[in-house]
Structures are given as structure tokens and as C-alpha cells.
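Encoded as C-alpha cells, the structure appears first; notes follow it.
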Number of protein chains: 2
Amino acid sequence: MDAPGNWLVATDTLLLAAQLVDAIQEGVARRGFADVRPAHGFAFVCISGGDATIADVGEYLGITKQAAAQLVRQLEERGYVTRRPHPLDARASLLGLTARGAACTRAAEEAAADAVERWRAQLGAARFGHLQQALRAVVRPGPLRPAW
Amino acid sequence: MDAPGNWLVATDTLLLAAQLVDAIQEGVARRGFADVRPAHGFAFVCISGGDATIADVGEYLGITKQAAAQLVRQLEERGYVTRRPHPLDARASLLGLTARGAACTRAAEEAAADAVERWRAQLGAARFGHLQQALRAVVRPGPLRPAW
DNA sequence: GAAAAGTAGACAGTTTGCTTGTCTAAATAG
DNA sequence: CTATTTAGACAAGCAAACTGTCTACTTTTC
């Protein structure tokens, strides 16, 4: 029941994710976006989908509306996000990425791709494919919370 | 260069790690340890190694000595950790796990093993073995910081 | 062996990211 | 038209991190 390898797999997973986050963070900063945190990047993903509101961002990140509002305000002040009135609901605002926001999203994707590319190089195409498949199979879709 | 699958692999990795953290946290709480956070668990790993000081914990977790001191104080108050004088250095204290601390560590390992066991069940032995191997191959040893 | 420099950890204050609670204005259901 | 829900703002509070400063002890250097 208590397969000894399982704990090792767990720590490897956590360690790998932590290193990936660090690599993305570092790569994004190196590309000129030093004032964004990982959670901001995840918010970008949600916002770039188009037509997201503050409440949507909150639900996506698994935080309260208030926390999401604060996060969006920061991104607005820093020039990553704009708000325009919702055409159908005068209470709400629709969020959108500025050019800088889109550039930052691209930087994050590039940094992530670079890091993952190293995995591919280390594993070779076949084993990398297995990894890719296995991840897809065990992960459940859900919000990308900046947990722990 | 910009392999489209890479970003997906990255988000799957992050998502999987977040879900794993949640599962461990939930399993540990269900086993009777509701007052510990993930970072505490990582501190236990460091402390259970034996002969760790507060500064060691701080370095291991990638936080300042002050933050580590506060964390250790909480764990002491909650009965997970003890301090004894350092035999060679009157300034320092050596940390150790109490029985409760050891039990909590075991609970975390069990919860993690349970979560990973689900992966094994979903993948089958062969594909799980590939995952295990691939993780081992790409992860670099390092401190298990509660990053992001 | 004494003076200088470094280190372990405590104490105090500040920042930050999140929380709950309350409020408004607008939308929707009856 | 009234009652309920909802989007988001405002305020206060909490907790985990940070920096800065201090004391006591060790280690290094002369």
C-alpha cells in the first residue's frame, strides 16, 4: 500500500513545478517584465480569453472577488490591463490586455517553452512524449491556483 | 522553436502540482493535523534530517531567518517541534520533531502516496513507470521551496 | 590573549496578498 | 412594481513574509 516510490514521485513533482515557476519568473523578468508575479500570468490567461470580468478572474484563480479586484487594479496601474464598460451590464467591466500585457503573456509562454524544451532535450522525443501523455492523463482540469 | 505543446506541458505540470498540494493538505487535515500548512511539512523534512537549526530551516525553505524563526515558534507552540541547546554553540538551538511531528510527517507521506497511487491506477504500471523515470530525469535536486 | 569581525537568533515595525463584512447601484425574477 | 441577486468598491483585519536593529556568543586575526 505504501509504495516507497510514491513519495519520491510526489516530491519530484513538487520540486519540478517549483523549478518551472522559478524559470518562468526569471525568464519573464529577463524579457523586461519584472513587476509581475506568477498569479498575474495566470490572470492574463483568463483575461486574454476575451470578455472576462473581475469576478471571472477571481473564480479562475480561486480567490475572492475583492482579491481579484485588487490584482486587476495593480495590473491596470502597471499598464497590462484595460477596462471598458460592459455593453450589456452597467455594473460590470470587461477586461482586456494592452499591448504590453499581450507581450508579457508571450514572454511567459516563451519562458515556459524554453524550460520545457530543456526537458525534451534531456529526455529525448520518445520519453518526452510519454511524459506529456502521462501528465495529460492524470491532471484534472481546474483552476490554476497559486496554491501553497 | 515555439513548440505549441510545451506551454500545455508547463500548465499541466503546474496544475498537477497544485492539485497534489491540495490533496496532501486535505489528507493531512483528515488525519488529524489541521493546523499545518504545506511549508510546515517541508520544514519537517529538513528538521527530521536531524541537527537542523533555525537558520538551516530558513535556508532550506528559501526564506529569511526571521521568517523561519516565526515558523519554528509556531510549530513549537503546536507541539510538533522541540528545541534543545546546541552542544557546541551556545547561541544556536538544535531542532527535532516530537512524536506528533513525526506522526504528522508520516501522515503527509501517506496522503502524498495516496494521491500518487491514483496516478498509478489511472496510468497503469508501465506508463506510471515512464512518468516516474521522466520526473527523476528532468528534476534537479534542490530545496523544496513553497514557491509562487 | 585581546580586539575585531562574523553569526544565531530575538524583537520591532512594515509591506503585501489575501480574507470577511458591508455597502451601492444595477440587473433580474416574481 | 417589489424582492432578490449580482458586480464591484470600500474598509478593516489577519498572517506570512520582509528589513532593520540588537544582544550574546564564536571565530578570526594580530
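Chain identifiers are assigned alphabetically (A, B, ...) following the order of the sequence lines, protein sequences preceding nucleic acid strands; residue numbering begins at 1 within each chain.
- In this structure, B:R91 does not reach the D:dT27 phosphate: none of its side-chain N or O atoms is under 4.0 Å from OP1 or OP2.
- Residue B:R83 places at least one side-chain N or O under 4.0 Å from the OP1 or OP2 atom of C:dA10.
- In terms of polar N and O atoms assigned as donor or acceptor, the side chain of A:Q66 comes within less than 3.5 Å of the base of C:dG21 in a complementary pairing.
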Tabulate below the donor-acceptor pairs under 3.5 Å that side-chain atoms of residues 77-86 of chain B make, not counting sequence neighbours, or state none.
unit_1	atom_1	unit_2	atom_2	d
B:R78	NH1	B:D35	O	2.7
B:Y80	OH	B:D35	OD1	2.5
B:Y80	OH	B:R100	NH2	3.0
B:T82	OG1	B:G96	O	3.4
B:R83	NH1	B:E76	OE1	3.4
B:R84	NH2	B:D51	OD1	3.1
B:H86	ND1	B:L88	N	3.0
B:H86	ND1	B:D89	N	3.1

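- Residue contacts for A:A67: at a heavy-atom cut-off of 4.0 Å it reaches a base atom on one of the strands shown.
- Listed nucleotides D:dC25, C:dG17, D:dA7 differ in distance to A:R37; the shortest reach to its side chain belongs to C:dG17.
- Between A:Q74 and C:dG17 there is a side-chain polar atom (N or O) within less than 4.0 angstrom of OP1 or OP2.
- The distance from atom CG of B:L71 to atom C1' of C:dA8 is 17 Å, rounded to the nearest whole Å.
- A:L75 places its CG atom 15 Å from the P atom of C:dT16, with the value rounded to the nearest Å.
- To the nearest angstrom, C1' of C:dG9 lies 10 Å from CZ of B:R73.
- Rounded to an integer number of Å, the gap from B:H86 NE2 to C:dA8 P is 10 Å.
- A heavy atom closer than 4.0 Å to some atom of DNA chain D occurs in no member of residues 52-59 of chain B.
- Residues B:H40 and A:A92 both approach DNA chain D. Their nearest nucleotides, taken by heavy-atom distance, put A:A92 toward the 5′ side.
- One N or O on the side chain of B:D56 and one on the backbone of B:T53 form a donor-acceptor pair closer than 3.5 Å.
- Considering only heavy atoms from C-beta on, B:P87 comes within 4.5 Å of B:L94 through its side chain.
- Side chain of B:D22 to backbone of B:Q19: no donor-acceptor contact under 3.5 angstrom is found.
- For B:I63 and D:dT19, the CD1 to P distance is 12 Å, given to the nearest whole Å.
- For the pair A:K65 and B:L94, nearest-nucleotide mapping onto DNA chain C gives the more 5' position to B:L94.
- In this model, the phosphate group of C:dC18 is not approached by any side-chain N or O of A:T64 to a distance below 4.0 Å at OP1 or OP2.
- By the 4.5 Å heavy-atom criterion applied to side chains, A:I54 and A:S93 are not counted as neighbours.
- Put simply, the side chain of B:Y60 reaches to within 4.5 Å of the side chain of B:V45, judged on heavy atoms.
- When rounded to the nearest whole Å, the span between CG of A:D51 and P of D:dA7 equals 15 Å.
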